[in-house]
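Below: one structure, written as structure tokens.
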Amino acid sequence: MPQELILTRPRQLEFRTYDDPPLEPHQIRAEALLSGISHGTEMNLYTGSNPFVDQEFDTTLRLFVPRQKKEPEVIYPGYEWVGQVTEVGAAVTRFRVGDLIHLPYHHRQTHTFSEDDTTMLGRIFPLPPGMSPDKAVVLALAGVALQTIHDARLKVGDRVAIFGMGAIGLLAVQLAKLNGASLICAVDPLGARRELAEHYGADQVLNPDEQDVAYELKSTQGGVDVAIELSGSYAALNDAIRAVRMAGTVVAGGYYRGGGTALQLGAEWHHNRITLLSSMGVWDCPHRDFPSWTRGRVHDTAASLLASGKLHIDGLITRYIRFDKAPEAYRLIEEHPEDVLKVVLAY
């Protein structure tokens with residue numbers, strides 16, 4: 001019987017078996033090839049350092065409220081699943097056996113879905129020609145990076161600093177280059193990640209552990225027009241606020257955990273009239289240019305950029321770990337984040 005990965009409590013992962021029911025006429029079944037582990041959102045769920053531990057999000061009020069159910073809830077981790085279609089129902093017209101598919105679903109050996117299903121990314125389609133499984137497994141991350149560039153309203157000639165050279169940050173560097181930024185400063189404490197940022201087109205790299213990033217950018221460039229924070233660090237978010245010019249824009253795209261004691265909102269944010277934007281693109285949050293831009297259009301654009309080779313992934317995936325060794329993968333990411341950039345489960 002096939003298996004899926006579940007999280008029963010913080011740091012407690014288990015495998016659970018399930019049945020694949022017979023296909024209905026409009027259904028498709030796909031078998032897993034790869035699924036990516038999110039080093040931000042998913043690791044926050046894994047460690048229990050997220051607001052869902054003792055709260056629930058009321059989607060009507062758009063407010064976190066105390067959780068009514070006190071017993072632990074099973075969590076299905078993962079949202080970057082790549083598989084190949086193995087069966088199609090008699091009434092299916094848009095899929096064929098052998099098609100490559102990306103689903104924002106959890107880590108599981110198979111997934112069954114309807115041809116008419118919609119997800120947070122819109123309708124589900126086979127991936128375009130040129131999209132390898134390795135490219136497809138970073139598709140959601142590319143969409144997150146593209147969303148931050150859109151939220152930043154980045155223009156030709158703008159100076160931008162991007163904090164956090166994880167997979168999303170490195171994709172954002174490339175997108176900022178495609179968008180015509182005149183200066184891209186990549187900020188990360190890890191030398192290997194700064195080198196990769198230069199490979200992807202960063203004009204300047206800075207180590208926040210060795211220098212005051214904001215002072216360097218202000219004293220040499222007069223500050224940047226836009227800063228994009230993608231590490232999920234409050235200290236980095238505070239540096240991003242300090243690094244932008246007066247009335248500049250800071251886009252927060254990381255998933256922050258705990259209290260923001262490193263934020264000093266009475267300093268540069270207040271005195272320089274900085275605009276701070278959240279780049280959340282799911283949980284029914286519309287694109288800021290809706291209806292001309294939707295989540296589906298962001299997804300399709302990211303897929304096209306990856307398939308055409310305009311977005312590169314060489315060096316992004318640093319470790320493939322077998323699905324049956326998934327708990328080891330999560331421990332590796334938590335205990336040695338400096339050793340891995342993107343960890344992918346292989347089936």
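Note that the structure is a prediction, hence the values are computed from the model and not measured.
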Indicate, with yes or no, if [Y] and [X] share a hydrophobic cluster defined by side-chain heavy-atom contacts under 4.5 Å among Ile, Leu, Val, Met, Phe, Trp and Tyr.
{"X": "Leu178", "Y": "Val138", "answer": "yes"}
{"X": "Val173", "Y": "Val213", "answer": "no"}
{"X": "Ile228", "Y": "Leu206", "answer": "no"}
{"X": "Ile168", "Y": "Phe163", "answer": "no"}
{"X": "Leu316", "Y": "Tyr320", "answer": "yes"}

Filter on salt bridge (charged side-chain N to carboxylate O under 4.0 Å, His left out), then keep only pairs touching [range], sequence neighbours left out; what's left?
{"range": "residues 20-48", "value": "Asp20-Arg29, Arg29-Glu87"}
{"range": "residues 209-237", "value": "Asp212-Arg242, Asp225-Arg245"}
{"range": "residues 301-325", "value": "Arg322-Asp324"}
{"range": "residues 146-166", "value": "Asp151-Arg288, Arg153-Asp289, Lys155-Asp158"}

Closest non-hydrogen atom pair between [X] and [Y], with its separation:
{"X": "Ala172", "Y": "Ala145", "value": "N-CB, 3.8 Å"}
{"X": "Ser132", "Y": "Leu100", "value": "C-CD2, 4.0 Å"}
{"X": "Leu33", "Y": "Pro133", "value": "CD1-CG, 4.1 Å"}
{"X": "Ala329", "Y": "Val343", "value": "CB-CG1, 4.0 Å"}
{"X": "Ser49", "Y": "Arg257", "value": "O-CB, 3.3 Å"}
{"X": "Leu146", "Y": "Ala302", "value": "CD2-N, 4.2 Å"}

Pair Val137-Lys342, side chain to side chain contact (heavy atoms under 4.5 Å, CB included): steps then yes or no: CA-CA 10 Å; Val137 82; Lys342 178 67 176 176; 5.6 Å; no
For the residue pair [X] and [Y], categorise the inter-ring angle as parallel (less than 30°), tilted (30 to 60°) or perpendicular (more than 60°).
{"X": "Tyr200", "Y": "His312", "result": "parallel"}
{"X": "Phe323", "Y": "Tyr347", "result": "parallel"}
{"X": "Trp293", "Y": "His287", "result": "parallel"}
{"X": "Phe64", "Y": "Phe57", "result": "tilted"}

Keeping [X] on the side-chain end and [Y] on the backbone end, is there a donor-acceptor pair under 3.5 Å?
{"X": "Glu115", "Y": "Thr93", "answer": "yes"}
{"X": "Thr318", "Y": "Leu341", "answer": "yes"}
{"X": "Gln109", "Y": "Gln3", "answer": "yes"}
{"X": "Tyr18", "Y": "Thr110", "answer": "yes"}
{"X": "Asp99", "Y": "Arg96", "answer": "yes"}
{"X": "Ser182", "Y": "Gly157", "answer": "yes"}
{"X": "Ser304", "Y": "Asp300", "answer": "no"}
{"X": "Arg295", "Y": "Gly281", "answer": "yes"}

Going by heavy atoms in the side chains, are [X] and [Y] under 4.5 Å from each other?
{"X": "Arg193", "Y": "Leu170", "answer": "no"}
{"X": "Val187", "Y": "Asp239", "answer": "no"}
{"X": "Thr148", "Y": "Ile162", "answer": "no"}
{"X": "Ile37", "Y": "Tyr46", "answer": "no"}
{"X": "Tyr256", "Y": "Pro51", "answer": "no"}
{"X": "Leu5", "Y": "Tyr330", "answer": "yes"}
{"X": "Val92", "Y": "Gln27", "answer": "no"}
{"X": "Arg297", "Y": "Phe290", "answer": "no"}

Atom pair [atom1] ([X]) and [atom2] ([Y]), whose distance is rounded to the nearest 0.5 Å:
{"X": "Leu311", "Y": "Thr301", "atom1": "CG", "atom2": "OG1", "value": "10.5 Å"}
{"X": "Leu13", "Y": "His107", "atom1": "CG", "atom2": "NE2", "value": "8.5 Å"}
{"X": "Leu217", "Y": "Gln211", "atom1": "CG", "atom2": "CD", "value": "9.0 Å"}
{"X": "Ile333", "Y": "Thr47", "atom1": "CD1", "atom2": "OG1", "value": "11.5 Å"}
{"X": "Phe95", "Y": "Ile28", "atom1": "CZ", "atom2": "CD1", "value": "5.0 Å"}
{"X": "Leu306", "Y": "His102", "atom1": "CG", "atom2": "NE2", "value": "9.5 Å"}

Under the criterion side chain to side chain contact (heavy atoms under 4.5 Å, CB included), I'd like the reasoning laid out for Asp203 against Lys177: C-alpha separation, chi angles, the key distance, then a yes or no. CA-CA 10 Å; Asp203 303 291; Lys177 198 76 171 180; 3.3 Å; yes
Checking side chain to side chain contact (heavy atoms under 4.5 Å, CB included) for the pair Leu175/Asn179: CA distance, chi angles, key distance, verdict? CA-CA 6 Å; Leu175 289 166; Asn179 225 53; over 6 Å; no
Just do the side chain to side chain contact (heavy atoms under 4.5 Å, CB included) check on Met165 and Arg194 with the steps written out, would you? CA-CA 7 Å; Met165 291 297 106; Arg194 295 195 302 273; 5.6 Å; no
May I ask you to check whether Trp283 and Phe52 place their ring centres under 6.0 Å from each other? yes
Other members of the hydrophobic cluster containing Leu23, with the 4.5 Å side-chain heavy-atom rule, please. none
Mark yes or no: Arg94 above the aromatic ring of Phe125, with NZ or CZ under 6.0 Å from the six-membered ring centre and no more than 45 degrees from the axis. yes
If you draw a 6.0 Å radius around CG in Asp58, do more than 12 non-hydrogen atoms from other residues or ligands fall strictly inside? yes
If you apply the rule side-chain hydrogen bond (donor to acceptor under 3.5 Å, both in side chains), what do you find for His106 with Glu4, and how did you get there? CA-CA 8 Å; His106 62 285; Glu4 62 186 353; 3.0 Å; yes
Do Glu80 and Ser38 meet the criterion of a side-chain donor-acceptor pair at a distance under 3.5 Å? no
Using residues 261-277 as the side-chain source, report each donor-acceptor pair under 3.5 Å to any protein atom, sequence neighbours left out, with the distance given to one decimal.
{"residue": "Trp269", "atom": "NE1", "partner": "Ile274", "partner atom": "O", "Å": "3.2"}
{"residue": "His271", "atom": "ND1", "partner": "Gly266", "partner atom": "O", "Å": "3.2"}
{"residue": "His271", "atom": "ND1", "partner": "Ala267", "partner atom": "O", "Å": "2.9"}

